[in-house]
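Notes follow the structure.
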Number of protein chains: 2
Amino acid sequence: MTTVSENDHINLLRQHDLRPTRQRIALAGLLFNAPCRHVTAETLRAEVAAQGIPMSLATIYNTLNQFSRVGLLHEINLDDNVRYFDTNTDHHHHFFDPKTNDLIDIPAGAIGLRSLPEAPDGRSVERVDVVIRLA
Amino acid sequence: MTTVSENDHINLLRQHDLRPTRQRIALAGLLFNAPCRHVTAETLRAEVAAQGIPMSLATIYNTLNQFSRVGLLHEINLDDNVRYFDTNTDHHHHFFDPKTNDLIDIPAGAIGLRSLPEAPDGRSVERVDVVIRLA
DNA sequence: AGGCAGTTTAGAATAATTTTAAATTATTTC
DNA sequence: GAAATAATTTAAAATTATTCTAAACTGCCT
Ligand SMILES: [Mn+2]
Ligand SMILES: [Mn+2]
Ligand SMILES: [Zn+2]
Ligand SMILES: [Zn+2]
């Protein structure tokens, strides 16, 4: 009954001081069984609904925010003022298709960034994000 | 009374089939007199208010959208679900400071992009945006 | 089992942006 | 130059994404 990946997810949640509730286990199952996913609160809600799991939208937002805070997800902002959450937390870049709102991962090594300019005054670079917008 | 740059802006608006209304001329003055500006609807509204020019927020949004549509502005989306409008419409990149929400331009030539991956299937690359997030 | 803290929830609240439809203003026509 | 026309502006309502509130629930520790 309890699948192997479900136990993995329970452990994953515990490692991040998140109680393994039914809701968080279900969302971890949807998010972390595939190697790399890009979801919004609404696309994830549709998946939850499709599985017949009852869950409030507030819980989906709470959980996405908690998963991001502990580093299980990575936030991306693109056109149309909707937040995307990325299950790939390695450093990487994206193709973005504005017609379909699809995101495709590009491994960091696939883009050679030469000659980055200096960060201003006393600032340091936290991250470099490349988005290749498709036509 | 009518300044030289105001006449320039009237011509600029006419060139893009936009009637030179008082509101659009005032906004063009705020936006296009400095070489490069990054504004949101609200920062621009504050500037309009500071000059004592009466203007509804809807007009500010309408105008920013119209200016974008005709290519006088360029839209940028970052954290916090607010749209930024950039008066620099040349191809260029940005430093972004998440503490202050400041954007700093980086000329396209200052970043060397080597080995861009192929666009998927029949797609082509419309634009490459690099955001260097500061810590 | 009992108790407590953490979590979920429905619904209200907030924030950014768009829409509506009426009033105003810029251009065209006379 | 005034009237007619069409585009623009506006206040207010609507929409959309997200967060907050406070009450109900549930996982965990004893
Ligand atoms: Mn100018
Ligand atoms: Mn929003
Ligand atoms: Zn990704
Ligand atoms: Zn810029």
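Residue numbers start from 1 in every chain, and the chains themselves are labelled A, B, ... in the order their sequence lines are given, proteins ahead of strands.
- A residue-by-residue look at Asn81(A) and Ser56(B) shows that Ser56(B) has its nearest nucleotide of DNA chain D further toward the 5' end.
- Under the 30°/60° scheme for interplanar angles, the aromatic rings of His38(B) and His92(B) are found to be tilted.
- The main-chain N or O of Leu30(B) is found under 3.5 Å from a side-chain atom of Arg37(B) such that the two form a donor-acceptor pair.
- Here the straight-line distance linking atom OG of Ser124(A) with atom CD1 of Ile132(B) works out to 12.0 Å at 0.5 Å rounding.
- A distance-only check finds no donor-acceptor pair linking the side chain of His9(A) to the backbone of Leu27(A) [under 3.5 Å].
- For Thr59(A), the side-chain atoms get nearest to dT8(C) when compared with the rest of dT18(D), dT9(D), dT8(C).
- Straight-line distance from the CG atom of Asp79(B) to the C1' atom of dT18(D): 15 Å, rounded to whole Å.
- With rounding to the nearest 0.5 Å, the separation of CG in Leu18(A) from CD in Gln66(A) is 6.0 Å.
- As judged by a 4.0 angstrom heavy-atom cut-off over every strand, Asn65(B) is placed among residues touching the sugar-phosphate backbone only.
- OP1 or OP2 of dA16(C) has not a single side-chain nitrogen or oxygen of Arg83(A) nearer than 4.0 Å.
- Note on Tyr61(A): a side-chain N or O is less than 4.0 Å away from OP1 or OP2 of dT18(D).
- Side-chain contact annotation: His93(B) with Asp129(B), donor-acceptor N/O pair under 3.5 Å absent.
- Note: CD1 (Ile53(B)) to C1' (dT8(D)) measures 17 Å, nearest angstrom.
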Provide a list of protein-nucleic acid N or O atom pairs under 3.5 angstrom, restricted to nucleotides 26-28 of chain C.
residue: dA26(C); atom: N3; partner: Arg19(B); partner atom: NH1; Å: 3.3
residue: dT27(C); atom: OP1; partner: Arg14(B); partner atom: NH2; Å: 3.2

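- The nearest whole Å value for the distance from the CE atom in Met55(A) to the P atom in dC25(D) is 18 Å.
- The separation between Asn77(A) atom CG and dT18(D) atom C1' is 12 Å, rounded to whole Å.
- With rounding to whole Å, Ile60(A) atom CD1 is found 17 Å from dC20(D) atom C1'.
- With Arg24(A) contributing its side chain and Thr63(A) its backbone, the two residues share no donor-acceptor pair below 3.5 Å.
- Computed from coordinates, the Asp17(A) CG to dC29(D) P distance equals 12 Å when rounded to whole Å.
- Put simply, CD on Glu42(A) is 13 Å from C1' on dT15(D), counting in whole angstrom units.
- Separating the CG atom of Asn62(B) from the C1' atom of dT10(D) is a distance of 10 Å, rounded to the nearest angstrom.
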